[in-house]
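One structure is given below, encoded as structure tokens.
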Amino acid sequence: MTGRVEGKVAFITGAARGQGRSHALTLAREGADIIAVDITKQIDSVPYALATPDDLAETVKQVEALGRRIVAAQADMRDYDALKQALDDGVAQLGRLDIVSANAGIFSYGTLAELPEQTWQDMIDTNLTGAWHAAKAAIPHLRAAGGGSMILTSSTMGLMAISNLGHYVAAKHGVVGLMRTLALELAPDFIRVNSIHPASVDTDMVHNAAMYALFAPDLPEDQRTRQTLAPRFQALEVLPIPWVEPADISNAVLFLASDEARYITGITLPVDAGATLK
Ligand SMILES: NC(=O)c1ccc[n+]([C@@H]2O[C@H](COP(=O)([O-])OP(=O)(O)OC[C@H]3O[C@@H](n4cnc5c(N)ncnc54)[C@H](O)[C@@H]3O)[C@@H](O)[C@H]2O)c1
């Protein structure tokens with residue numbers, strides 16, 4: 001049986017774990033080879049652990065177990081030259097590029113009145129400038145392939161606002177402007193560009209002590225668990241679930257990457273259990 005992205009090559013940022021790893025496995029299962037990058041070290045303003053080299057190695061192992069090829073590299077979205085080098089190396093080894101999933105991102109929190117300069121800057125540099133870096137580095141390769149699909153990961157917070165996350169909200173809204181302008185500029189080259197907008201996703205970005213403290217400041221630390229937090233996450237959504245799974249986002253990425261979406265460009269696709277209805 002032919003896969004839905006058979007013979008294509010996908011560049012995925014933040015691929016060491018979470019949604020990025022899920023996107024890599026989903027696209028590989030459907031026939032794509034993968035170029036994977038991740039920072040695999042810490043950013044000081046981020047209040048939970050980012051991925052490790054072991055996480056990235058595990059993504060490599062799992063993609064190879066599916067019989068697909070993968071080229072993985074450590075690269076920081078904030079560093080354009082390093083990111084471009086990693087992508088160029090991957091394309092040199094795998095022969096082409098068709099799909100971009102600009103997925104890497106960080107989370108931190110604070111009111112806009114008090115947010116430290118560095119926390120703001122790290123957020124914008126990673127979640128917004130990083131997405132542009134991925135797109136910019138990919139454009140020549142997609143043009144050489146005669147077209148392609150870029151999927152930029154925004155958030156429900158790219159379509160609405162919430163207190164204490166102003167820098168995240170600003171970066172994720174910025175991703176929408178980036179996506180729309182890329183979609184206009186790249187349409188003549190048959191490069192489609194869309195954004196996806198997840199609600200809470202069951203990954204390490206959500207399940208950590210800092211996020212739990214934000215959602216449940218009233219609970220003693222030892223009572224902040226998945227179970228006690230679930231109703232608070234569920235209150236953000238319409239469907240009666242606390243969070244979606246990484247696979248739910250991967251299915252949207254796969255659709256937008258595939259030829260089934262060949263005339264879809266410039267859209268903001270929520271995968272949010274109805275959160276943006278509120
Ligand atoms: N988890 C959620 O609830 C949620 C909701 C909406 C949107 N998102 C977005 O989804 C994307 C994926 O997040 P996730 O839920 O898989 O979280 P995650 O923390 O598990 O994965 C993010 C990955 O990005 C990597 N990364 C972070 N900064 C980087 C940098 N500067 N350069 C390269 N890699 C970097 C991390 O090491 C990590 O592996 C992010 O853009 C996030 O903002 C997440």
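Order of appearance sets the numbers: ligands from 1, and atoms from 1 within every ligand. Residues take their numbers from the sequence shown, with the count starting at 1. In this text, all values refer to a predicted model and were calculated from it rather than measured experimentally.
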(message) Between ligand 1 and I39, is the shortest N or O to N or O distance under 3.5 Å?
(response) yes
(message) Between K41 and D76, does any side-chain N to carboxylate O distance fall below 4.0 Å?
(response) no
(request) May I ask you to check if ligand 1 and S155 share an N or O to N or O distance below 3.5 Å? (result) no
(request) Let me know which of R4, R192, K8 forms a salt bridge (Lys or Arg N to Asp or Glu O under 4.0 Å) with D259. (result) K8
(request) Between T126 and ligand 1, find which residue part has any heavy-atom pair under 4.0 Å and reply side chain, backbone, both or neither. (result) side chain
(message) Between ligand 1 and W243, can you find any atom pair, the residue atom being a heavy atom, that is separated by under 4.0 Å?
(response) no
(request) Considering the heavy atoms of A51, write down every atom of ligand 1 situated less than 4.0 Å from one of them. (result) 37 (O), 39 (O)
(request) Each residue besides F190 in its hydrophobic cluster should be listed here, by chain and number; the cluster joins Ile, Leu, Val, Met, Phe, Trp and Tyr at side-chain heavy-atom distances under 4.5 Å. (result) Y263
(request) Report yes or no: do L115 and I43 belong to one cluster of Ile/Leu/Val/Met/Phe/Trp/Tyr joined by side chain heavy-atom distances under 4.5 Å? (result) no
(message) If you measure every N or O of V206 against every N or O of ligand 1, does any of those distances drop under 3.5 Å?
(response) no
(message) Does only the side chain of K172 get under 4.0 Å from ligand 1, or the backbone, or both, or neither? Count heavy atoms.
(response) side chain
(message) Test your reading of the structure: does R78 have an N or O sitting under 3.5 Å from an N or O of ligand 1?
(response) no
(message) As a test of understanding, state which of L159, D272, T153, V175 forms a side chain to side chain contact (heavy atoms under 4.5 Å, CB included) with H197.
(response) L159
(message) Would you compute the distance between atom CD of E245 and atom CD of Q19 and round it to the nearest 0.5 angstrom?
(response) 10.5 Å
(request) Show the numbers, then the answer: is there a salt bridge (charged side-chain N to carboxylate O under 4.0 Å, His left out) between K61 and E58? (result) CA-CA 5 Å; K61 200 171 120 193; E58 182 60 28; 3.8 Å; yes
(request) Determine yes or no for a side-chain-to-main-chain donor-acceptor pair under 3.5 angstrom, with D88 supplying the side chain and Q85 the backbone. (result) no
(request) Answer yes or no for A75: is there a heavy-atom contact with ligand 1 below 4.0 Å? (result) yes
(request) With atom 36 (C) of ligand 1 as the reference point, say which of L56, T52, D202, D38 has the nearest heavy atom. (result) D38
(request) Check the hydrophobic clustering (I, L, V, M, F, W, Y; side-chain heavy atoms under 4.5 Å; chains of links allowed) and say if I162 and L214 are grouped together. (result) yes
(request) Please confirm whether I106 comes within less than 3.5 Å of ligand 1 when only nitrogen or oxygen atoms on both sides are compared. (result) no
(request) Give the residue, atom name and distance (to 0.1 Å) of the protein heavy atom nearest atom 9 (C) of ligand 1. (result) T153 CG2, 3.7 Å
(message) Using a 4.0 Å cut-off to any heavy atom of N103, which atoms of ligand 1 qualify?
(response) 11 (C), 12 (C), 40 (C), 41 (O)
(request) Report yes or no: does a heavy atom of S154 sit under 4.0 Å from some atom of ligand 1? (result) yes
(message) List ligand 1 atoms under 4.0 Å from L50, heavy atoms only on the residue side.
(response) 37 (O)
(request) Before signing off on this row, confirm whether Y48 and ligand 1 have an N or O atom pair separated by under 3.5 Å. (result) no
(message) According to a hydrophobic-cluster definition based on side-chain heavy atoms being under 4.5 Å apart (Ile, Leu, Val, Met, Phe, Trp, Tyr only), do I151 and L27 belong together?
(response) yes
(request) Mark up the atoms of ligand 1 that fall under 4.0 Å of a heavy atom belonging to G18, in ascending order. (result) 16 (O), 20 (O)
(message) Polar contacts were defined as any N/O atom of the residue lying under 3.5 Å from an N/O atom of the ligand; does this apply to T156 and ligand 1?
(response) no
(message) Quick check on P246 - does any of its heavy atoms sit under 4.0 Å from an atom of ligand 1?
(response) no
(request) May I ask you to list the atoms of ligand 1 that are less than 4.0 angstrom from any heavy atom of S200? (result) 3 (O)
(message) Let me check something: do V100 and V37 share a hydrophobic cluster, defined by ILVMFWY side-chain heavy atoms less than 4.5 Å apart, either directly or through other members?
(response) yes
(request) Show which atoms of ligand 1 fall inside a sub-4.0 Å distance from at least one heavy-atom site of G14. (result) 23 (C), 24 (O), 25 (C)
(message) Distance under 4.0 Å to a non-hydrogen atom of Y168: what atoms of ligand 1 satisfy this?
(response) 6 (C), 7 (C), 8 (N), 9 (C), 42 (C), 43 (O)
(message) Just checking D44: does its CG atom have more than 12 heavy atoms from other residues, nucleotides or ligands closer to it than 6.0 angstrom?
(response) no
(message) If the threshold is 4.0 Å, N to carboxylate O, is there a salt bridge linking D125 and R78?
(response) no
(request) Please indicate whether any nitrogen or oxygen in T203 is less than 3.5 Å from any nitrogen or oxygen in ligand 1. (result) yes
